[in-house]
Amino acid sequence: MKKKILSLLLSMAMVSVLFAGCGGKEDTAPQGDAQQEEQTDDSAGGDTITIGFAQVGHESDWRTASTKSCQDVFSAENGYDLQFVDCDNDSAKQLEAVRNFVEQGVDYIIIDPIVSTGWNTVLTECEDAGIPVIVIDRTIDDSDKYISWVGSNFKTEGLACGEWLKAYAAQKGIEEINALVIEGSTGASATLGRTEGFKEIADREGWNILDSQSGDFTQDGGQEVMESYIKSYEGQFNVVICQNDNEAFGAMDAMKAAGVKYGVDGDVILVSFDACTAGLEYVMSGDINADFECNPLAAPFVEEVIKTLESGGTPEKEVYMEEHWFVNEDIIPSIEVNGESQDMTVVTQDIVDAQY
Ligand code: GYE
C-alpha cells in the first residue's frame, strides 16, 4: 500500500485516540546502533510489506514461541520482509530499535513493550512518520498512539490463580496460606497484572504473602530468588507462585536441592503462568499443581489487523487471546473469575502434544 494513503488512514485512526496534553514531535531520531539489517526491499515498489518487530528478548519458552509465531506468519513466503530485533530485555535498546524502524521507513511496527511506560515520545515519532504501530502481548499504559493491541488480560490470570488456590486449599483442608511470589520482570505489564490479580484475592482471603521479588522471567532468576527465599523463610511457606514457567523450573531446582517437597504430593503448592509445553509436562507429572496459560500466538491476529488496514478498514483497538487454566488433579472442575465460570482443565498427553 502506498505510504501516503497509509499515513492518511493512520492520522484518521489516531484522531479518535489522541488525548489532551500530547505534544508534537520534539526529538530527532538518533542514529541508533541496535543490530538490524538494512532494509533491502522497498515495499512501495512491490507487494512486500515491511514490518519492524521490536521483541522483548529471549528470556523464556513463552518468548521463543512468540518469536516463532511472528517469524512463521510474517515470512518472505507470505509476502513480508520482517526486520526482527531482539531487544535483550533492555528498554533503551527497544526505543532505539523503534526509532531505527522509523528511519528505515518500514510499513508497520510491532512492539512488545518491555516496560509499560515511557512510550509517548517515540510513538509520536511513529505517528508523525505515518507508520502504524501494533502492540502485542504486554501493554503500553502511558500512550494511546497505536492502532491495535493484541494480548492477554494479565490481571485476570492473577485473579484466576487466586480463585483456584482458594478452592484448592478448601478441598485439601489447608487453613493457612503462606505464599512466596516470584515476580516477572519489573515494570512489565505482565508482572503488574499478575501481581495485582493474585494480591486482590490474597487480601480478600486474608492470606499471608511473605515476600514478592523479581526473578526476571528467567530460570536462573527463579532459582536465585527461591534459594534466597529458602534461606529466609525455611519451613514457613506452603505456596510458591512463579509468574512464568521458566522461573518455576528454577524454583524447582532450588527446592529439590534444599529437600523441600513441592507439587501435588509435596508440602508446597507450586503454581505457574504461561503453560508452555515444558510447563504442562510438569503439571502432568504433578510437580506443578496449576499453570495459568498465557497464549503467545498473537501473530495471526496481528496479520488480521494489517490486512484490515491494507483494505482501508478500522481494526479493533484491543484483541484478547483465548487462554485456559491447567491442573494435575481432577478435583476442582471450575472457578469463578470476574463473575464468570471458567473451566479448570486436567492436563493429558494430548494436551501437552498440542501445546506450543
Ligand atoms: O509470561 C514470560 C515472558 O510478556 C506474557 O514474558 C509475557 C511474559 C511471559 O518472558 O514468560
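In each ligand, atom 1 is the first atom listed, and ligand 1 is the first ligand listed. Index from 1, following the sequence.
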Q: Are the charged groups of Glu336 and Lys166 less than 4.0 angstrom apart, N to O?
A: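 Not counted as a salt bridge, because no side-chain N and carboxylate O are separated by less than 4.0 Å.
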
Q: Do the side chains of Glu125 and Lys145 get close enough for a salt bridge, i.e. N-O under 4.0 angstrom?
A: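 Salt bridge absent between Glu125 and Lys145.
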
Q: With clusters built from Ile, Leu, Val, Met, Phe, Trp and Tyr whose side-chain heavy atoms come within less than 4.5 Å, directly or transitively, what are the remaining members of the cluster of Val115, listed by chain and number?
A: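 Taking Ile, Leu, Val, Met, Phe, Trp and Tyr as members, Val115 shares its hydrophobic cluster with Val56, Ile114.
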
Q: Which protein residues come within less than 4.0 angstrom of ligand 1, counting heavy atoms only?
A: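 Correct list: Glu59, Ser60, Trp62, Arg63, Asp137, Arg138, Phe154, Ala190, Arg194, Phe217, Asn244, Asp274, Cys294.
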
Q: Are any of the side-chain nitrogens in Glu200 or Lys155 under 4.0 Å away from the carboxylate oxygens of its partner?
A: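 Salt bridge between Glu200 and Lys155, a charged N being under 4.0 Å from a carboxylate O: yes.
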
Q: Filter on side chain to side chain donor-acceptor pair (under 3.5 Å), then keep only pairs touching residues 261-278, sequence neighbours left out; what's left?
A: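 Pairs touching residues 261-278 that pass the test: Asp245-Ser272.
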
Q: Hydrophobic clusters join Ile, Leu, Val, Met, Phe, Trp and Tyr when side-chain heavy atoms are under 4.5 Å apart, directly or via other members; which others share one with Leu297?
A: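 Members alongside Leu297: Tyr356.
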
